Amino acid sequence: MRAQSSATASSAIAVPARRDGRGLGTLQAALGVVAFSLTFPATAWGLEGFGPWSLVAVRSVLAALIAGGCLLALRVPLPERRHWTGLAVVGGGVVVGFPLLTTLALGTSTTAHAAVVVGLLPLTTARLSALRVGSRPSRTFWTAALAGAAAVLAFTVQQSGGALTTADLYLFAALLVCAAGYTEGGRLARVMPGWQVIGWALVMCLPLTLPAAAFALGAEPVRLTAHSVTGLLWVAAGSQFLGLIVWYRGMAAIGIPKASQLQLAQPLLTLVWSVLLLNEHLTVAAPLTAAAVLVCIAVTQRARG
């Protein structure tokens, strides 16, 4: 009876998301991209006062407490058992895997170099979506997506001096696990509200992240500063919860491949934040790349399929 109630409730709430106009879905996915673009600079701030393991574990615990509070307050029933595997993939990809791997990478890499992984993420997500949920974007879509990814990669590699570091292994692994989490989360957002997808994924990871946070805080030095606390709060509430809510809802409305291509703008936004918040140097190639990426995004959004 409880599972049936969950299915009924989820279906009843998810219907409006499917009826949202494409414009609203695009706006929601775009808001998610803006939230994600602040993740690397906020992580760099957080690393000023926390160790990498502490930052990742604490951000996940804080996000889980926020999500769990919302689920309890609204008396949301447990998800159906058939959705648990998908939620575990979301948790492993976007709750634990991507934050941990990118945080470890940022310990030895600049945010500009780390943006390479985001430049490849849209294409990887679109490809996994085609394999997982059977989406079949048109040739025009794939051509524009490849062109946009190439432009972003060329810019970010040039921005980082063209040198590969040991952090690249972390970044490419993060790329794969995050694409899997996005794809599975977008699929689940068709049958339950997007905020419940990330909410349950966060709660499911709590038995792992809570003891990890306690251990890491005792093993790594902590220095509370305005930057470190602000960075921690943003990656927990903004990147890990609020950003994923609008992102999954946008994917459910306009489709995973089209939503993923909006992320072509994320590395460029990240670089802008890096200049404003971290005083990193930005070359004059940024506006040219931005214009090229915007053209590619426009083509993918208009392409059939």
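Just so we're clear, the structure is a prediction, and the values are computed from it rather than from any experiment. Positions are given from 1, in the same order as the sequence printed here.
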### Task
Decide side chain to side chain donor-acceptor pair (under 3.5 Å) for T209 and S60; before the verdict, give the C-alpha distance in whole Å, the side-chain angles of both, and the deciding distance to 0.1 Å.
CA-CA 7 Å; T209 57; S60 297; 5.5 Å; no
### Message
side-chain contact (heavy atoms from CB on, under 4.5 Å) for V235 and F40? Distances and angles first, verdict last.
### Response
CA-CA 9 Å; V235 293; F40 286 172; over 6 Å; no
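- Of the candidates V96, V95, L104, T103, V56 forms a side-chain contact (heavy atoms from CB on, under 4.5 Å) with just one, namely T103.
- Considering only heavy atoms from C-beta on, V229 stays 4.5 Å or farther from W45 through its side chain.
- Within the 4.5 Å cutoff, the side chain of L27 has no heavy atoms near those of the V246 side chain.
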### Task
Report the C-alpha separation of W200 and L78 in whole Å, then their side-chain angles, then the decisive distance to 0.1 Å, and conclude whether the side-chain contact (heavy atoms from CB on, under 4.5 Å) test is met.
CA-CA 8 Å; W200 285 119; L78 290 172; 3.7 Å; yes
### Task
May I have the step-by-step check of side-chain contact (heavy atoms from CB on, under 4.5 Å) for W273 and L278, ending in yes or no?
CA-CA 7 Å; W273 296 127; L278 304 175; over 6 Å; no
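- Of the inter-residue distances, the one linking L262 atom CG with L31 atom CG reads 10.5 Å to the nearest 0.5 angstrom.
- Residue M204 is not grouped with residue L65 when hydrophobic side chains (ILVMFWY) are merged at heavy-atom distances under 4.5 angstrom, including chains of intermediate members.
- A63 and Q240 make their closest contact through CB-CG, 3.5 Å (heavy atoms, listed as atom of the first residue, atom of the second, distance).
- Contact between S274 and P41 at its shortest, heavy atoms only, is OG-CG, 4.1 Å.
- Using a 4.5 Å heavy-atom cutoff, the side chains of V76 and W195 are in contact.
- Rounded to the nearest 0.5 angstrom, L106 CG and L101 CG are separated by 11.0 Å.
- L202 is not connected to L206 by any chain of hydrophobic side-chain contacts under 4.5 Å among Ile, Leu, Val, Met, Phe, Trp and Tyr, and they are in different clusters.
- Looking at every heavy atom in both residues, G148 comes nearest to C296 through N-SG, 3.5 Å.
- Rounding to the nearest 0.5 angstrom, the gap separating the CD atom in Q28 from the CZ atom in R249 is 5.5 Å.
- Across every non-hydrogen atom of A189 and A252, the tightest pair is O-CB, 3.5 Å.
- There is a path of hydrophobic side-chain contacts, each under 4.5 Å, that joins L217 to L224.
- You'll find the side chain of Q196 stays beyond 4.5 Å of the side chain of C70, heavy atoms only.
- With rounding to the nearest 0.5 angstrom, the CD atom of Q261 is 10.0 Å from the CD1 atom of I254.
- Scanning both residues, A179 and L128, for their nearest heavy atoms gives CB-CD1, 3.5 Å.
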### Q263 vs W247, side-chain contact (heavy atoms from CB on, under 4.5 Å): CA-CA, chis, key distance, verdict
CA-CA 10 Å; Q263 280 197 303; W247 175 244; 3.7 Å; yes
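- One distance of note links CG of L233 with OG of S239; it measures 11.5 Å at 0.5 Å rounding.
- In the hydrophobic cluster analysis, where Ile, Leu, Val, Met, Phe, Trp and Tyr join through side-chain heavy atoms closer than 4.5 angstrom, F215 is grouped apart from L100.
- Judged by a 6.0 Å distance limit and a 45° cone about the ring axis, R81 is positioned over the six-membered ring of W84.
- Nearest heavy atom pair, residue G86 against residue R187, reads CA-NH2, 4.4 Å.
- S37 places no side-chain N or O within 3.5 Å of a backbone atom of Q266 that could act as its donor or acceptor partner.
- Here the CZ-SG distance, from F36 to C178, works out to 7.5 Å after rounding to the nearest 0.5 Å.
- By the criterion of side-chain heavy atoms lying less than 4.5 angstrom apart, applied directly or through intervening Ile, Leu, Val, Met, Phe, Trp or Tyr residues, V89 is not grouped with V177; the two fall into different hydrophobic clusters.
- Each of L232, T102, L55 was scored for a side-chain contact (heavy atoms from CB on, under 4.5 Å) with T43, with one residue passing: L55.
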